[in-house]
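Chain letters run A, B, ... following the sequence lines, proteins first, then strands; residues in each count from 1. Values in this document were obtained by computation on a predicted structure and should not be read as measured data.
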Amino acid sequence: MKDMTLIDAVNNALFDAMAEDQDIIVLGEDVGANGGVFRATEGLQAEYGRERVIDTPLAESLISGMAIGLAAQGMKPVVEIQFMGFIYAAFDQFLCHAGRMRNRTRGRLTCPMVLRAPYGGGIHAPEHHSESTEAIFAHIPGIRVVIPSSPGRAYGLLLAAIRDPDPVVFLEPKRIYRLQTESVDNNGQALPLDVCFTLREGSDVTLISWGAMLYETLQAADQLAERNISAEVIDLASIKPIDKTTILSSIAKTGRCVIISEAARSGGVASEIAAIIAEEGLMTLLAPVMRVTGYDTIMPLAKMEKYYMPSVEQIITAVNNVMEF
Amino acid sequence: MNHNTEKTENIFRVGYTQYLNEEGRLFESLKNLSVAGVSSELLVEFYRWMLFTRTFDCKAIALQRTGRLGTYASCLGQEAVGAAIGKAMREEDVFIQAYRETAAVLIRGVKPEEILMYWGGDERGMDFQGPREDMPCTIPIASQCCHAVGISYAMKIRKEPRVAVVVCGDGATSKGDFYESVNAAGVWQLPLVFIINNNQWAISLPRDEQSSCETLAQKAIAGGISCEQVDGNDVIACYIKIKAAIDRARQGQGPHLIETISYRLSDHTTADDASRYRDDDNVGEAWQKEPMTRLRNLLLHELIIDKAGVEQLEKQCSDEIDAAVARYLAIPPASPTTMFEYLYETLPDHYLDQLEQVQKKILQEGEK
Ligand SMILES: Cc1ncc(C[n+]2csc(CCOP(=O)(O)OP(=O)(O)O)c2C)c(N)n1
Ligand SMILES: [Mg+2]
């Protein structure tokens, strides 16, 4: 057991994974001596050497394409893309090859790689450093998308992602990298992939969120509890595939659902969840499903950021609406 | 039968130019320089702009440290490249910047408070009142090189006597966007000057781990473009070479690439701590070569300006920057509804409900 922040948990998982499996290679920009711009890879190069912890040239297409090649050779590359805003050159390789390799070679070659990137807003960062575009990845067949929302889940899910035999995009909510410290059992145990985590049980409304927005979601649940509204809070965690069993059984109990996401509204993961509920949970609903999301705008720079990010008040307003429906 | 054939591989050389050395000694007579278009007045102007830029840079870092600016990328030690670009370009040319060419941007008429607004998290800082066709900062590394190809292509097919100048870092030269752009500029013989602002570092990655090329300039050769290296701490060499490349491009002689060799004396940005990955010795050595001291020494030595004159310039720059900072700090915030105002020329009605949501939020904030 160790007290850890989310970023410590990522670092610990990388350390533990590299210790147990010689095939794991960490690569990316500034991951060596600098330990990554957020220090996720701090100390790794000193411990495991420059061959296994690679400072690459500044070239994201190379980084993800090279990882695909390493993986085809049976290595287990864990890529760091410095910010999600710079993932798009890597996206080309990832979309065209990572998710398809198993299929196109009928299982002869596979792609057990992890693509890690910090994502999300709320830290007053420069342009291109605050977006949440997980939905773009969720649209790719053959891959998993995972987002942890606490130190413990970061540790367990990153281990699971690394050990998984298929490509995983692992997006780290950087706003909460250092927000809370939690005692984490760093015993090398992975958490299950492909499932949601029910953080709080409730009976009146189901709140579904992921990443940093769970922070506001849990605050909203606290405030609702003061008014005797009992909210069940689900951490989606697995953005792809979506664990509809947990979601639908929660809604069967509460009859109401509000989905909270800081990503742009249209074509988002929240929309996908709402579609699942509409298709398979309609008869259990007591009110329409509501989304609290970012806008369909360019993510504003720091000065306006707080007007973009969904607030506790917005979540409560949405819950009021479904409660009063 | 033997079908082996061989093509002659060109033996290439990459020139390196320095006029003004570390001690402020000139390898050309002032008279010859004057003939080449570098008058004493221009030297003073260079110095003034570099001083203005450095004063701005220090102030920006102070603002960041006191919570009045966001993350900021310093250009400490790279003022000469920017000043040379700014003076070598014509108003009607287009400058496509990365983010460390502050001197160039200021010379081209972007206001210091506009630059501060950008790094302070206010989009209006990108709506320069000066050079209306220049591009704003580019954060996704090397992506601006492709824009420069498009911009110079437009100039070419419209037969305009204009030139595009694009800057990227040493790290950027590893990106596909850079190689692709150099290649395309060669194919179409575009009026485009590439400048690699080689400051020896891409965050923590030193130059020699970025590429095993002896020069970064030579990457142009594979794209069929001429290239050279220049001492990026020598404003005179930078100016003469950049100006010549721009003149040739304007006359239809095609693209050119210049690698200016300088040093990032600061952290990568205010969010970085360079002591984690580089030695102070290394930085100390670089300070011996920085661009301003040598130019000042030249000006003093040649009696172009005296100590009192230098002090007067310092005072002027400092006062002007203080005034710009005061203007920056006094700018009232933009309405958050502007998130929607510039999304499309005409906002589709589909988004009006989202706009209303923002308006509600503004009211709520007001009540707090
Ligand atoms: C495509 C892309 N990848 C990564 C980053 C993060 N990043 C910002 S600056 C930088 C280093 C750039 O080095 P260089 O091109 O030498 O320019 P310098 O900052 O030294 O002027 C990196 C990796 C980015 N902005 N864009
Ligand atoms: Mg550099």
Considering all heavy atoms, the nearest B:I139-A:H129 contact: CG2-CE1, 3.4 Å
Does atom CZ of A:R100 have more than 12 heavy-atom neighbours, drawn from other residues, nucleotides or ligands, at distances under 6.0 Å? no
Which of residues 48-57 of chain A get closer than 4.5 angstrom to chain B, counting heavy atoms alone? A:R50, A:D55, A:T56, A:P57
Out of B:V358, B:T71, B:D170, return the one with the most heavy atom pairs under 4.5 angstrom to chain A. B:V358
Out of curiosity, A:M304 CE to B:S335 OG, how far, rounded to the nearest 0.5 Å? 7.0 Å
Taking CD in B:Q129 as the centre, count heavy atoms belonging to other residues, nucleotides or ligands within less than 6.0 Å. Is the count above 12? yes
Point-to-point distance, once rounded to the nearest 0.5 Å, from OG1 of B:T338 to NZ of A:K303: 12.5 Å
Heavy-atom distance under 4.5 Å to chain B: side chain of A:A125, backbone, both or neither? neither
Just verifying a value: how many Å separate A:T297 OG1 and B:Y342 OH, rounded to the nearest 0.5 Å? 14.5 Å
Going from OG on B:S174 to CD on A:E29, what distance comes out if it is rounded to the nearest 0.5 angstrom? 9.0 Å
Looking only at heavy atoms, the pair that brings A:N34 and B:R276 closest together is O-NH2, 3.1 Å
Are side-chain N/O atoms of B:K360 and A:Q314 paired as donor and acceptor at under 3.5 Å? no
Atom pair CD1/NE2 of B:I141 and A:H128 - distance to nearest 0.5 Å: 10.5 Å
B:F178 versus chain A, the contacting section by heavy-atom distance below 4.5 Å: neither
Could you walk me through whether A:L301 and B:M126 pass the side chain to side chain contact (heavy atoms under 4.5 Å, CB included) check? CA-CA 12 Å; A:L301 293 183; B:M126 289 181 273; 4.2 Å; yes
Below 4.5 Å from any heavy atom of chain B, which atoms of A:Y308 appear? Answer side chain, backbone, both or neither. both
B:P140 and A:F86: which non-hydrogen atoms are nearest, and at how many Å? CA-CE2, 3.9 Å
For each of A:M299, A:E60, A:E305, A:E127, tally heavy-atom pairs with chain B at distances under 4.5 Å, and name the one with the top tally. A:E127
Closest non-hydrogen atom pair between B:M339 and A:Y295, with its separation: SD-CD1, 4.0 Å
Evaluate whether atom CD of B:E209 has more than 12 neighbouring non-hydrogen atoms of other residues, nucleotides or ligands under 6.0 angstrom away. yes
How far does OG of A:S266 sit from CD of B:Q354, to the nearest 0.5 angstrom? 6.0 Å
Toward chain A, the part of B:Q357 with a non-hydrogen atom under 4.5 Å: both
Residue A:Q82 versus chain B: region with a heavy atom under 4.5 Å: side chain
Give a yes-or-no answer on whether the side chains of B:E365 and A:Y307 include a donor-acceptor pair shorter than 3.5 Å. no
With a 4.5 angstrom heavy-atom cut-off, could you sort out which part of A:P300 is near chain B: side chain, backbone, both or neither? both
Would you say that A:I298 contacts B:L343 through its side chain, given a criterion of any heavy-atom pair below 4.5 Å between the two side chains? yes
How close do A:L58 and B:A172 get, heavy atom to heavy atom, and via which atoms? CD1-N, 4.2 Å
Side-chain heavy atoms of A:V37 within contact of B:H268, under 4.5 Å: no
Give the minimum heavy-atom separation between B:K175 and A:A89, together with the two atoms involved. NZ-CB, 3.6 Å
Relative to chain A, which segment of B:I362 carries a heavy atom at a distance below 4.5 Å: side chain, backbone, both, or neither? both
Can you confirm whether B:D280 is buried at CG, in the sense that more than 12 heavy atoms of other residues, nucleotides or ligands lie under 6.0 Å from that atom? no
